[in-house]
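To keep things clear, I will list the structure first and then write my remarks on it.
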Amino acid sequence: MDASTAGDSGPIVVAGAGYAGLHVALRLTVKLRNHPQVELTLVDRHDYHQVLTELPRVAGGTRAADAVRIPIQDMLATRVRFVQNQINGFDLAGRRLLTGGGPIGWGRLVLALGSRPNDFAIPGLAQRALSLYSASDAERVWAAVGKALDDAAAAADPEWQRRLATVVVGGGGATGVELAGELAEILPKVASRHGLAPDRPAVLLVEAGPTILAGSSPQLIDKATRTLSDLRVQVRTNARIAAATEEGFRLTDGQLVEGGVFVWAGGVKAPELVAGSGLPAGHNGRVKVDRYLRALDHPQIYAAGDLASVTDPRTGHVLPPLAQVALEEGETVARNLDAELNGKPLEAFTFHDKGFVVSVGTRRGVADIAGITTGGRLAHLLKDAIEWEYRQSVQHLRGWDPVPG
Ligand SMILES: Cc1cc2nc3c(=O)[nH]c(=O)nc-3n(C[C@H](O)[C@H](O)[C@H](O)COP(=O)(O)OP(=O)(O)OC[C@H]3O[C@@H](n4cnc5c(N)ncnc54)[C@H](O)[C@@H]3O)c2cc1C
């Protein structure tokens, strides 16, 4: 049945105030003007929304952690009830979200709980490597780098000093490239503050596959590789980590990658509470959805963002965990909830790819937009513009709905 005739089917609860969930709440607020009886609740463990795309800057010390935490209450209209609580599970049969503050009943649920780092069960990785998945994580990375540089300055043995002053980033996707570039640009500038020569800190990027930024155009990969090399990032491809040990990352070929700080940016998987919840799990534990973004066999539950396993019908591939995808899915979910309230047909989700932009260091970047690859300063400016536009949109969506009807 493509058309829904649910009408007012009870409270709408959005679980997660990240890119997808926040956008569902913001877009729905205006649409609910004609349905004052419908309760809209947004639940998150934090009272702030995190601009995760800016974390590499926090991890590189160029942005304060608080600058990437936007207070949720500043963005929501009073129409939306915000509940700050940890979500611990779902009672699917009873249609209740189980939170630290007690159950919250739903008529329609939107699951938008994001993802968590995937350590691919590599022994020692979760214990020995830092991750970059929250503003606090990013602060920890920057603090660990600072301490490693101090320790390196105090080391008498040059070999030991070199090792301590090396940051090893695992995973050559966009997050790994952005972090490696940011640190490689910043560390020579801050080295003297720690009593080290500018050329002493080093950054190593370790990637299991044959290229960094896998899946991107060869031109983009080439430009990014050259910029990283210019920044003196040592990129090691075809280097699969077998274990993280006290000494460093042990590769499958037996080589040891030594360093003073290890960060893992090698991929994500669905949040733990989705596993075993009874929801249909797809690739990396993400929730399988139909073309309207409803969980399979659970038409009252929508899923959006990293947590949703959405196949692009044009390519047959599952869409990547990206903010851009999460925002578009959030918009479709908001429209479909509105359609249900108005007894209108649901809209199938279509992804409109706006392009791919990655910063490489503090001044340069690479971008693939409409089949054209750009690099250098322009690509970095594009990244800045996207982040600025995102912040503007969340501040202004409060009372604005660009999609009529
Ligand atoms: C370092 C980094 C850089 C990135 N850079 C880019 C980029 O440049 N471009 C791009 O397109 N994408 C980028 N991404 C990916 C992008 O950030 C994600 O795809 C996006 O955040 C997904 O949105 P989401 O709403 O699914 O999840 P999130 O934004 O992660 O939101 C999930 C929300 O759920 C809440 N939550 C989770 N579990 C619970 C619980 N149990 N109880 C209560 N609340 C809970 C969290 O607090 C959070 O607010 C980057 C990601 C990272 C980590």
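Worth knowing before you read on, the calculation uses all heavy atoms, side chains too, and leaves out hydrogens, waters and symmetry mates. In listed order, ligands and their atoms are each counted from 1.
Residues Tyr133 and Ser115 bring a donor and an acceptor atom of their side chains to less than 3.5 Å of each other. Counting only N and O atoms by type, the side chains of His35 and Asn342 include a donor and acceptor under 3.5 Å apart.
Annotation: atom 13 (C) of ligand 1 to nearest protein heavy atom, Thr53 CG2, 3.6 Å. Closest protein heavy atom to atom 31 (O) of ligand 1: Gly18 CA, 3.1 Å. With hydrogens left out, the protein atom closest to atom 15 (C) of ligand 1 is Pro321 O, 3.7 Å, a heavy atom. The protein heavy-atom contact nearest to atom 17 (O) of ligand 1 is Leu52 CB, 3.5 Å. In this structure, the protein non-hydrogen atom closest to atom 36 (N) of ligand 1 is Leu113 CD2, 3.8 Å. Here the protein heavy atom with the shortest distance to atom 46 (C) of ligand 1 is Asp44 OD2, 3.5 Å. For atom 27 (O) of ligand 1, the closest non-hydrogen atom on the protein side is Gly114 CA, 3.2 Å. Arg45 N, 3.2 Å is the protein heavy atom nearest to atom 43 (C) of ligand 1.
Distances between N or O atoms of Tyr19 and those of ligand 1 include at least one value under 3.5 Å. In terms of polar-atom proximity, Leu322 is counted as a contact of ligand 1, with an N or O under 3.5 Å from an N or O of the ligand. The shortest N/O to N/O separation between Gln86 and ligand 1 falls below 3.5 Å. For a threshold of 3.5 Å applied to N or O pairs, the pair formed by Ala20 and ligand 1 contains at least one separation below that value.
The ligand atoms of ligand 1 that sit less than 4.0 angstrom from a heavy atom of His46 are 47 (O). For ligand 1 and Tyr133, the ligand atoms under 4.0 Å from any heavy atom of the residue are 53 (C). Here is the list of ligand 1 atoms found below 4.0 Å of a heavy atom in Ala112: 32 (C), 33 (C), 34 (O). In summary, the atoms of ligand 1 found under 4.0 Å from a heavy atom of Gln324, numbered by their order in the structure, are 11 (O). The contact set between ligand 1 and Gly305, taken as ligand atoms under 4.0 Å from a residue heavy atom, comprises 26 (O).
Ionic pairing of Glu246 and Arg128 is present here: one or more N-O contacts between side-chain nitrogen and carboxylate oxygen are shorter than 4.0 angstrom. We find that Asp230 and Arg226 are not joined by a salt bridge, their nearest charged nitrogen and carboxylate oxygen being 4.0 Å or further apart. Ion pairing between Glu340 and Arg108 holds under the 4.0 Å rule for side-chain N and carboxylate O. Ion pairing between Asp137 and Arg140 holds under the 4.0 Å rule for side-chain N and carboxylate O.
In Ala323, the parts holding a heavy atom less than 4.0 Å from any atom of ligand 1 are both the side chain and the backbone.
Contact annotation: Lys383 has at least one heavy atom less than 4.0 Å from an atom of ligand 1. Close to ligand 1: Asn85, with a non-hydrogen atom less than 4.0 angstrom away. Heavy atoms of Pro271 stay at 4.0 angstrom or farther from ligand 1. Contact analysis puts Ala17 in contact with ligand 1, with a non-hydrogen atom separation below 4.0 angstrom.
For Val261 against Ala148, the heavy-atom pair with the smallest separation is CG2-CB, 3.6 Å.
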Donor-acceptor list for residues 369-377 side chains, cut-off 3.5 Å, not counting sequence neighbours:
from	atom 1	to	atom 2	distance (Å)
Thr373	OG1	Asp368	OD1	2.5
Arg377	NH1	Arg363	O	3.4

All N/O donor-acceptor pairs, side-chain side in residues 266-285, below 3.5 Å, sequence neighbours left out:
from	atom 1	to	atom 2	distance (Å)
Ser277	OG	Val274	O	2.6
Ser277	OG	Leu279	N	3.2
Asn284	ND2	Val268	O	3.4

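For Gln324 (side chain) and Lys354 (main-chain N/O), a donor-acceptor pair under 3.5 Å exists by modelled atom type.
In this comparison of Ile87, Thr175, Leu327, Val325, the heavy atom closest to atom 1 (C) of ligand 1 sits on Thr175.
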- Applying ring-ring contact (aromatic ring centres under 6.0 Å, His included), run through Phe349 and Tyr292 and close with a yes or a no. CA-CA 6 Å; Phe349 175 71; Tyr292 308 110; over 10 Å; no
- Quick one: do His194 and Asp150 satisfy side-chain hydrogen bond (donor to acceptor under 3.5 Å, both in side chains)? Show the steps, please. CA-CA 5 Å; His194 295 270; Asp150 287 340; 2.7 Å; yes
- Item | Verdict with supporting geometry, Arg200 and Gln161, side-chain hydrogen bond (donor to acceptor under 3.5 Å, both in side chains) | CA-CA 8 Å; Arg200 180 51 84 211; Gln161 183 177 76; 3.0 Å; yes
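Between Arg63 and the choices Glu54, Glu139, Glu182, the salt bridge (Lys or Arg N to Asp or Glu O under 4.0 Å) rule is met once, by Glu54.
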